[in-house]
Amino acid sequence: MLDLLAAASSTVAQPPAWTGWILPLGMLLILWFLIIRPQMRQQKQHREKVESLQKGDEVVTAGGLVGKITKVEDHFVHVELAKGMTVKAVRTTIGEVLSSRSKPAAND
């Protein structure tokens with residue numbers, strides 16, 4: 001009887017070794033499509049937005065200050081927060097462009 005049980009257990013086919021990789025690879029694919037890829041897309045959009053800044057754009061900085069760009073340099077922009085009050089900000093700290101001169105007015 002023990003011989004039959006031992007023979008039966010030794011003839012059970014083991015699954016292929018590659019099946020152990022299915023779950024980790026599936027999790028990596030889910031991580032890529034749900035987290036990493038959208039974040040890369042947002043970074044690319046922000047980079048394009050910062051590169052296209054021009055004089056006259058109304059912007060919001062990462063610190064929450066709202067102003068109008070008066071001068072654009074390679075790494076810095078000069079933002080006018082109030083009449084006669086201009087601050088120099090690092091270009092990459094611009095969080096959002098509220099309005100741009102290149103866009104036509106809504107009533108045109």
Side-chain heavy-atom pair [X], [Y] within 4.5 angstrom cut-off:
X   : Y   : result
I36 : L31 : yes
H78 : E73 : yes
K68 : L81 : no
I22 : L25 : no
L53 : V77 : yes

Looking at NZ of K88 and CZ of F76, how far apart are the two atoms once the value is rounded to the nearest 0.5 Å?
-> 5.0 Å

Sidechain N-carboxylate O distance under 4.0 Å for K49, E51 = no

So which heavy atom on W21 is nearest to which on P24, and how close?
-> O-CD, 3.4 Å

Say whether L23 and L28 are linked into one hydrophobic cluster, either directly or through other cluster members, by side-chain heavy-atom distances under 4.5 angstrom.
-> no

Determine whether V90 and L65 fall in the same hydrophobic cluster, where Ile, Leu, Val, Met, Phe, Trp and Tyr are linked whenever their side-chain heavy atoms lie under 4.5 Å apart.
->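 Cluster IDs for V90 and L65 differ.
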
Give the intermediate values and the outcome of side chain to side chain contact (heavy atoms under 4.5 Å, CB included) for residues L98 and E96.
-> CA-CA 6 Å; L98 297 177; E96 189 175 340; 4.0 Å; yes

Can E58 and I69 be said to form a side chain to side chain contact (heavy atoms under 4.5 Å, CB included), step by step?
-> CA-CA 6 Å; E58 191 171 339; I69 295 179; over 6 Å; no

Check the pair W32, M27 against side chain to side chain contact (heavy atoms under 4.5 Å, CB included), reporting the backbone distance first and the verdict last.
-> CA-CA 9 Å; W32 173 262; M27 292 175 72; over 6 Å; no

Any donor-acceptor pair under 3.5 Å from T70 side chain to E80 backbone = no

So, does R47 use its side chain to make a donor-acceptor pair with the main chain of Q42 at under 3.5 Å?
-> no

Among Q39, K44, R37, the one residue meeting side-chain contact (heavy atoms from CB on, under 4.5 Å) with R41 = R37

Taking only residues two or more places apart in sequence or in another chain, which ones pass side-chain hydrogen bond (donor to acceptor under 3.5 Å, both in side chains) with H46?
->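 Partners of H46 by the side-chain hydrogen bond (donor to acceptor under 3.5 Å, both in side chains) criterion come out as none, since no residue qualifies.
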
